[in-house]
> 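Mind looking over this structure? Questions follow.
Being a predicted model, the structure only gives us computed values, none of them experimental. In what follows, chains carry the letters A, B, and so on, assigned in the order in which the sequence lines appear, proteins first and then strands, with residues in each chain numbered from 1.
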There are 2 protein chains.
Amino acid sequence: MEQILPHLDSVFSIDCVLFGFDGKELKILLIERNEEPFKDWWALPGNIVGPDESLDQSASRILYELTGLRGIYMEQYYAFGDPHRHPQGRVITLAYYALIRLGGDKELRPVSNYAKQANWLPISDLPKLAFDHQKIYDKGLEKIKRRIKHQPIAFELLPEKFTLTQLQHVYELVLGKKLDKRNFRKKITSFGVLKELDEKQKGVSYRAATLYRFDKRKYAKLFGKEISF
Amino acid sequence: MEQILPHLDSVFSIDCVLFGFDGKELKILLIERNEEPFKDWWALPGNIVGPDESLDQSASRILYELTGLRGIYMEQYYAFGDPHRHPQGRVITLAYYALIRLGGDKELRPVSNYAKQANWLPISDLPKLAFDHQKIYDKGLEKIKRRIKHQPIAFELLPEKFTLTQLQHVYELVLGKKLDKRNFRKKITSFGVLKELDEKQKGVSYRAATLYRFDKRKYAKLFGKEISF
DNA sequence: ATTACTTAGTGTAAAAATTACACACTATAT
DNA sequence: ATATAGTGTGTAATTTTTACACTAAGTAAT
């Protein structure tokens with residue numbers, strides 16, 4: 001904010017907690033570093049913010065480079081700026097989370113040189129993370145726990161057409177607790193943002209469930225009214 | 001996150017929305033700039049983050065320099081990083097809000113050179129703000145609106161001993177709507193975090209109300225259980 | 001001491017939301 | 001035809017939320 005901007009040896013980066021759901025588990029995308037510091041450690045994907053990039057753009061770019069995906073729901077949630085969080089200098093990092101529906105195995109692209117590999121790992125069994133990335137992850141999970149109670153973000157983790165059981169499963173994974181089936185259905189349908197389709201689940205070896213779709217239009221109309229779980 | 005940190009011409013700053021409550025109105029502290037760009041405009045107080053300062057420290061310092069106050073509740077809530085938000089270069093700013101009980105007029109110190117004056121202005125009648133500070137303020141207000149519903153932050157705006165009417169007043173100002181007196185009292189006391197004192201309000205020309213105190217101990221015990229307004 | 005004024009403090013009934021809980025149905029696979 | 005696995009549904013009890021109005025207490029002015 002000073003008139004003449006002092007030149008400080010400072011860098012900002014973005015680190016992303018990419019949450020993915022494959023129908024069974026909640027996972028995050030981690031990369032195995034190929035460079036010091038923390039060579040061979042697992043870390044959150046991140047990068048330096050380019051000089052003409054907005055923060056959101058930068059986050060989208062990181063995601064795109066690793067997964068080839070665009071148009072994914074991302075949200076900035078905190079800045080981590082401990083002076084010593086990076087051993088090689090002052091790096092303030094802005095944390096983003098993303099919510100991604102995983103289907104097949106096409107959500108990974110060849111990694112760039114600073115990583116040996118990238119992998120979706122289940123959050124129930126994460127390795128030790130480089131830098132302060134555990135803290136960043138923890139806060140990210142906390143954020144989506146809070147947010148899923150009030151905003152329709154669960155749908156971002158599901159395919160466009162989904163069953164109520166799948167939806168419930170997402171809530172249970174994120175909130176970390178079991179929910180009652182009947183009560184869940186009563187509540188989620190009472191919001192009036194689900195459109196029941198004339199279509200059934202396919203490829204299951206038991207009674208197929210009805211498919212639903214999230215109705216963005218109806219949701220937009222609700223604006224102002226809080227959803228609450 | 002790269003091994004060799006590239007040297008980018010980048011700066012991070014902190015901007016603060018200091019909310020103050022004087023018993024009547026909700027105000028924020030603004031400074032009138034004395035330098036280009038935006039000379040003579042009102043702006044949120046802010047500063048560059050020092051090289052060895054943590055973000056929280058930096059925010060506390062800004063607050064201290066303007067008000068002489070320490071130990072104030074502050075919270076980082078968003079990073080604003082549009083490449084063109086600052087006309088003189090890339091400045092990513094981290095926004096903090098603070099909640100301050102105003103009493104008397106001692107919450108202002110002589111301003112430093114980059115400001116002509118600093119002043120507490122009621123949020124009901126704010127001037128045009130420099131840079132993207134209107135956006136920063138808007139998001140800050142939105143954040144405390146959300147937070148006051150779930151966390152005991154209203155007490156930060158009140159003196160240690162307060163009446164239930166004063167507390168209700170704070171909620172009404174932050175939420176921007178009237179609340180029912182009986183329902184408010186029922187709810188706020190049901191949380192069990194208020195300690196009723198053996199003491200009455202003083203200096204009023206009508207029936208004095210009972211004073212209460214926020215009981216941090218009891219609140220700590222509630223941990224996990226969500227308060228909800 | 002009377003009166004006028006101003007805010008404090010209190011209860012209830014109706015409506016709405018939440019919780020706890022179990023079984024019959026349907027599609028598939030063998 | 002039978003076994004299997006998940007779908008889909010209702011109700012009663014409890015809790016929470018909402019709407020609503022008057023008396024009590026203290027101060028100030030006369």
> May I ask you to say what B:T163 touches in the nucleic acid, namely base, sugar-phosphate or nothing, with a heavy-atom cut-off under 4.0 Å?
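Here B:T163 touches no strand at all.
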> Please give, in whole Å, the distance from D:dA24 C1' to B:K200 NZ?
11 Å
> Reading DNA chain C 5' to 3', which nucleotide is the first, and which the last, to come under 4.0 Å of any heavy atom in chain B?
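Range of nucleotides within reach of chain B: C:dT6 to C:dT12.
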> Kindly assign one of parallel, tilted or perpendicular to the pair A:F214 and A:Y219, based on the angle between their ring planes and the thresholds 30° and 60°.
tilted
> Report the relative orientation of the aromatic rings in A:Y97 and A:Y73; use parallel for angles under 30°, tilted for 30 to 60°, perpendicular for over 60°.
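Judged by the thresholds at 30° and 60°, the geometry between A:Y97 and A:Y73 is tilted.
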> Considering every strand and a 4.0 Å limit on heavy-atom distances, what is the contact class for A:T210: base, sugar-phosphate, or nothing?
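Sugar-phosphate, backbone atoms only, no base.
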> Should the pair A:D40-A:K128 be classified as a salt bridge under the 4.0 Å nitrogen-to-oxygen rule?
no
> Reading DNA chain D from 5' onward, which residue's closest nucleotide shows up sooner: A:S205 or A:L164?
A:S205
> Applying the salt bridge (Lys or Arg N to Asp or Glu O under 4.0 Å) test to A:E160, which of A:R101, A:R213, A:K195 qualifies?
A:R213
> In this structure, how many angstroms lie between the C1' atom of D:dG6 and the CD atom of A:Q168, rounded?
12 Å
> Check this for me: does any side-chain nitrogen of one of A:D22 and A:K27 sit under 4.0 Å from a carboxylate oxygen of the other?
yes
> Aromatic contact between A:F162 and A:F21, with the criterion being ring centroids under 6.0 Å apart: yes or no?
no
> Indicate whether the side chain of B:S228 and that of B:K149 have a donor and an acceptor atom separated by less than 3.5 Å.
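Not at all, the side chains of B:S228 and B:K149 share no donor-acceptor pair under 3.5 Å.
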> Checking B:I72 against B:Y64 for the side-chain contact (heavy atoms from CB on, under 4.5 Å) test, could you report, in this order, the C-alpha distance in whole Å, the side-chain angles of both residues, the deciding distance, and whether it holds?
CA-CA 9 Å; B:I72 295 294; B:Y64 179 71; over 6 Å; no
> Enter the inter-axis angle for the ends of the helix from C:dA1-D:dT30 to C:dT30-D:dA1 (five pairs per end, rounded to 10°).
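Angle reported: 10°, given to the nearest ten degrees.
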> When the distance from NZ of A:K187 to P of D:dT16 is rounded to whole Å, what number comes out?
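Answer to the nearest Å: 13 Å.
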> Before accepting this row, confirm whether a basic side-chain N of the pair B:R61/B:E65 lies closer than 4.0 Å to the acidic partner's carboxylate O.
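Yes, this pair counts.
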> Where along residues 175-186 of chain B does a heavy atom fall under 4.0 Å from DNA chain D?
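Output list: B:D180, B:R182, B:N183, B:K186.
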> Could you tell me whether B:F38 and B:F131 have their ring centroids closer than 6.0 angstrom?
yes
> Output the single nucleotide from D:dG8, D:dG6, D:dA24 whose closest atom is nearest the side chain of B:R207.
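Nearest listed nucleotide: D:dA24.
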> Taking 4.0 angstrom as the limit, do A:D15 and A:R85 come out as a salt bridge?
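The answer is yes: the pair qualifies as a salt bridge.
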